[in-house]
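All values reported here derive from a predicted model rather than from experimental measurement. Excluded from the calculations below are hydrogen atoms, water molecules and symmetry mates; all remaining heavy atoms, backbone and side chain alike, are included. Proteins come first, then strands; the chains are lettered A, B, ... in the order of their sequence lines, and each starts at number 1.
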Amino acid sequence: MTEVVESDESAREEDVLVEVNGLKKYYDAGSLTGTPVKAVDGVDFDIRRGETLGLVGESGCGKTTLGRTLVHLEAATEGEVLFDGRDVTSLSGSELKRWRRNAQIVFQDPESSLNDRMTVGEIVREPLDVHDWPTLTVRVAGDPDATVTGDAEAVGPTATGRDVDVTVTVSGDDADVAVRDSLPIGPEDLAVDVDSGSTTTVDVELLPSKAQVRRAHVRDLLERVGMQREHYFRYPHQFSGGQRQRIGIARALALEPEFVVLDEPVSALDVSVQAKILNLLEDLQDEFGLTYLFIAHDLAVVRHICDRVAVMYLGNVMELGAADSLFDEPANPYTHSLLSAIPEPDPTIESDPITLRGTPPSPRDPPTGCPFSTRCPAKIRPEAFDDLDDETWAAIDDLHRIVRERGRAERSLRERAREVLGMETRFSDVEDIVVEVFGRLDRTPDTTAERSFEAMMDALPRDVRGPLVDVTDHLRENREEDALERLLDAFGSECDATSPAYYDVDEGGRVSMCHRHDPAYDDVGPVLEERYGDYAGR
Amino acid sequence: MTGTEHAVHRSLRTRIRENQRPAAVWVAVLLALVALEAGALVDLAVVLVQGMVKAWPFGNPGMAGIESAKAAAEAIPTLLSRETIPNQGWRTSANGPWTNTFLGLEPMVAWLLRFALTYAYVGVLIGWFLYGYRLYREHYRQADWTPTDDVVRRFRSHSWGKFGFVVVVVFVVMAVFAPTLSPALAEENIENPYSYEMQYFDEETGSVETVFVGQANSQSTSQGAGDDNIGLWQYDDFGRFHPFGTMPNGKDLFTFMMYGARVSLFIGLLSMGIMGAFATVFAMTTAYYKGLVDLAVVIVGDSVMSIPQLLLLILAMAVFNGHWLEGIYNGGLLIALVFGLSGWPGLWRAVRGPAFQVSTEEWVDAARSFGQRPSATMRKHMLPYVVGYLLVYASMTLGGVIIGTAALSFLGIGIDAPTPEWGRAVSLGQPFIATQSWHIAMIPGLLVVAVVTAFNALGDGIRDAIDPQSEGGESETTAAAAGGGGG
């Protein structure tokens with residue numbers, strides 16, 4: 001079951017709409033001031049036509065950036081986004097503009113996403129004006145060579161669905177005209193003139209003005225998202241958050257996109273409204289055959305609405321698979337931790353969540369190896385320390401994070417000067433830190449007593465004490481890099497050394513990024529059980 | 001598409017066609033009001049064409065035709081003109097009736113009538129436009145409510161802002177109607193007094209005499225000492241009425257003030273226009289593109305700001321001495337250009353913050369996500385939120401420009417005589433401030449203060465009107481952000 005994913009083409013057989021390959025988005029990449037912020041750091045996944053892919057993770061993990069990059073609001077630093085097999089990261093100018101019709105975004109904050117100076121109608125209509133909608137496309141049934149003139153243009157015989165606005169069936173000089181359902185016009189609004197000479201020429205003229213068609217379309221949309229047609233001339237000020245979000249959804253759908261990024265569309269809303277908006281989104285998906293990327297941090301919402309879920313951490317996708325199996329049997333330690341953090345509504349069930357210690361590392365300086373290695377509850381430990389207890393390990397991991405943090409902290413000129421002069425700085429209390437971190441361990445009966453650094457060190461096992469003394473020495477001399485190297489040298493493992501590959505973790509094609517899936521190590525579940533016992537979310 | 005769909009959406013034209021009466025009445029009254037001043041409007045157009053032809057460097061084509069057109073324009077009867085209500089006349093005998101004045105009224109009454117009529121006319125015109133806005137809201141607008149309604153409502157309840165608005169209107173009317181409001185024409189009384197003659201009743205000879213205006217001026221001076229003073233609300237020996245008295249050289253101070261308002265307003269508006277254009281374009285582009293564009297404009301703006309404005313003005317006046325640019329308005333155009341080209345960084349900095357704030361709103365991202373052009377995004381989604389701030393700072397800066405121009409004229413390096421400028425009146429009257437001729441410096445000084453205060457008050461009013469948070473005097477720190485709220 002655990003096996004490195006071959007980059008086979010089997011996944012392609014399914015109807016993939018969006019394929020993301022090695023996508024990276026770095027900020028400040030070109031600046032002189034050092035390392036870039038790696039908001040999205042090499043992400044691969046695909047989104048199948050008609051499905052909802054959830055994207056979850058903590059704040060700042062890069063999920064919003066990823067969503068914005070997919071709709072080309074941010075330029076990708078590296079990698080490609082294949083939309084219907086075509087790379088769109090390099091699009092620009094009129095090609096980009098044309099593509100934008102296919103991919104739209106619904107924003108998180110309905111207060112900020114609607115221009116208060118425009119009426120609802122103007123807001124929803126603006127995309128239509130920008131793209132000079134409707135650009136009527138005509139398919140002449142059974143005659144691919146027919147010429148189309150007038151207000152419309154011809155499409156090839158292979159075009160289907162929303163790519164064909166009008167179908168004209170020619171019989172002699174008469175024409176049978178059919179208009180796509182979701183357009184706000186009928187055959188009576190078109191003057192179709194057929195001239196069947198050597199080649200058939202179909203002249204299509206739109207009788208109402210384009211402005212009329214657009215307004216009718218906007219009113220249809222407003223009705224479709226649960227507003228009223230009369231709201232056209234109202235201003236966003238006059239609506240509640242939920243209604244404003246409906247307007248935002250109507251705007252995103254105005255150009256009839258195939259793919260919609262929903263950037264936390266309900267997280268700014270009242271709980272009672274959230275469900276209504278979610279149901280609306282599901283209805284619209286069924287009606288228009290939409291493909292969603294649903295970005296959220298509310299796991300319950302994600303489980304409700306998503307077909308598959310990608311779990312992101314520090315710019316990387318940690319686990320990706322079918323929502324149900326991912327929630328029922330999480331594979332990745334990070335997914336385990338996230339799920340165990342969901343509050344249990346039943347107070348009689350006693351279980352502890354796996355508490356992730358510390359904060360995520362800075363995306364400017366992600367850990368070498370696995371991005372989750374600094375906080376992982378199931379981190380692989382060197383065999384030499386097999387008998388070391390969990391508390392000591394927790395302390396070592398804490399120290400590891402502190403050393404990393406100190407290495408990153410900027411020293412002001414004043415602090416440098418004080419260091420040189422041997423004066424007290426905020427970086428000088430090395431022993432206090434070590435006492436603080438390791439002093440919590442319950443090693444002597446007398447825990448209340450103030451323990452000296454030496455006494456505490458003596459209480460530690462010998463093989464721990466040695467490296468720790470070195471680390472403390474390095475820190476005392478402000479050589480954080482050496483300290484970190486010594487720490488990893490002594491206590492590090494595969495997790496700190498190499499970035500894990502994606503492993504297949506179930507038959508449904510779920511993948512997870514963790515060394516623990518390698519048969520050489522124990523898998524995540526048993527390890528967590530051993531370390532945390534009956535933890536929540538299992 | 002259904003028939004009702006067409007019916008619900010009607011253009012303004014169809015809406016008016018369906019309910020013609022209010023619009024028709026409004027337009028008819030407006031046309032009648034305009035017709036009262038038709039002669040002046042045609043005259044203005046002809047004068048503008050004439051000015052352009054004069055400036056044309058290759059001869060003056062069609063000058064004769066323009067002259068005749070001008071004569072024809074002057075023949076059109078105009079309500080608010082010196083010809084309709086003349087105030088310059090003379091007595092035919094001692095204490096005899098006045099001739100050549102309106103209905104034989106004494107000059108003061110005739111002038112006062114014309115003055116009051118002018119302001120009444122403007123008042124009615126403004127009132128009519130406000131009434132038109134109400135008609136539009138009631139009968140023709142499709143939205144029940146727009147953010148602008150709130151702005152108007154807040155401004156209406158802002159007394160300080162309304163005070164500013166009224167004083168600014170008074171000032172603008174002074175500038176626009178200067179020839180009508182003045183007791184005498186600037187051309188005759190101030191600029192070329194020795195080219196015009198006037199008649200008066202001479203008590204010594206007991207007959208009506210003719211004299212050059214310049215000669216009459218030299219006998220009507222206000223020099224502080226003895227009888228040498230024509231003060232407020234006085235006649236001089238030549239039967240001329242001086243509402244604000246005369247200047248040290250005997251010219252009419254009120255006429256000087258009216259025409260001076262014209263110069264101040266011209267310089268103020270032109271320099272504000274230049275500053276506003278630069279500030280708007282730069283604020284929009286820097287806020288939209290950020291990064292290098294912003295840095296470049298910051299550097300350019302700081303460089304411009306580092307140049308001392310006064311030195312630059314003196315330099316420009318010296319360099320362009322004798323140049324045709326310096327000839328327009330006796331240097332007025334040049335001053336306006338220098339103010340405008342050196343003052344925009346201040347205005348730009350004032351609106352850069354709000355512009356950046358708006359540019360981070362998600363609706364700007366939304367516009368980008370469906371492919372809106374950057375220029376359209378700036379115009380539709382950013383500019384409306386910045387334009388209020390622009391108005392506020394522009395009205396405040398305008399006061400500064402007026403005071404700056406007056407200061408320059410006071411120092412003697414601004415607008416040269418004989419073109420009237422308030423600052424020069426202050427300068428001329430300064431030696432007499434402690435004498436009975438105190439009015440020469442005091443009245444222009446007070447008017448400068450009043451106008452500048454009024455522009456600041458108007459700016460305050462606009463700011464409070466566009467900013468819902470400022471309602472009721474709450475001192476919210478988020479007030480800047482809420483500038484976007486209104487309309």
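- Surrounding OH of B:Tyr133 are more than 12 heavy atoms belonging to other residues, nucleotides or ligands, all under 6.0 Å away.
- In terms of heavy-atom proximity, B:Ala366 sits nearest to A:Ser113 at CB-O, 4.5 Å.
- Around the CZ atom of B:Phe165, the shell of radius 6.0 Å holds no more than 12 heavy atoms that belong to other residues, nucleotides or ligands.
- Between chain A and the options B:Ala143, B:Ala376, B:Gly371, B:Ser369, heavy-atom pairs under 4.5 Å are most frequent for B:Ser369.
- Side-chain N or O atoms of B:Gln372 include none that pairs as donor or acceptor with a backbone N or O of A:Val130 at under 3.5 Å.
- Shown here is B:Tyr393, whose OH atom has no more than 12 heavy atoms of other residues, nucleotides or ligands within 6.0 Å.
- To the nearest 0.5 Å, atoms CG (A:Asn115) and CE (B:Met382) are separated by 11.0 Å.
- Judged by a 6.0 Å distance limit and a 45° cone about the ring axis, A:Arg251 is not positioned over the six-membered ring of B:Phe370.
- Looking at A:His131, the atoms closer than 4.5 Å to chain B (heavy atoms on both sides) all sit in the side chain, from C-beta outward.
- Within the 4.5 angstrom heavy-atom criterion, no atom of A:Glu230 approaches chain B.
- For chain B, no part of A:Ala252 is nearby; none of its heavy atoms comes within less than 4.5 Å.
- A donor-acceptor pair under 3.5 Å is formed between the side chain of B:Tyr385 and the backbone N or O of A:Arg117.
- By number of non-hydrogen pairs under 4.5 angstrom with chain B, the leading residue of A:Glu122, A:Arg68, A:Arg234 is A:Arg68.
- Minimum heavy-atom separation, B:Asp365 to A:Leu73: O-CD2, 3.4 Å.
- A:Arg100 contributes a side-chain N or O that, together with a main-chain N or O of B:Arg368, makes up a donor-acceptor pair within less than 3.5 Å.
- Ranked by heavy-atom pairs under 4.5 Å with chain A, the list B:Lys380, B:His381, B:Glu362 is led by B:Glu362.
- With a 4.5 Å cut-off on non-hydrogen atoms, A:Glu126 touches chain B through its backbone and its side chain both.
- Residue with the most contacts toward chain B among A:Ile123, A:Leu255, A:Asp109, A:Leu96: A:Asp109 (heavy-atom pairs, distance under 4.5 Å).
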Report the C-alpha separation of A:Phe233 and B:Asp144 in whole Å, then their side-chain angles, then the decisive distance to 0.1 Å, and conclude whether the side chain to side chain contact (heavy atoms under 4.5 Å, CB included) test is met.
CA-CA 8 Å; A:Phe233 289 111; B:Asp144 297 333; over 6 Å; no

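- Rounded to the nearest 0.5 Å, atoms CH2 (B:Trp363) and CE (A:Met118) are 10.5 Å apart.
- Distance OH/A:Tyr235 to CG/B:Asp149: 8.5 Å, rounded to 0.5 Å.
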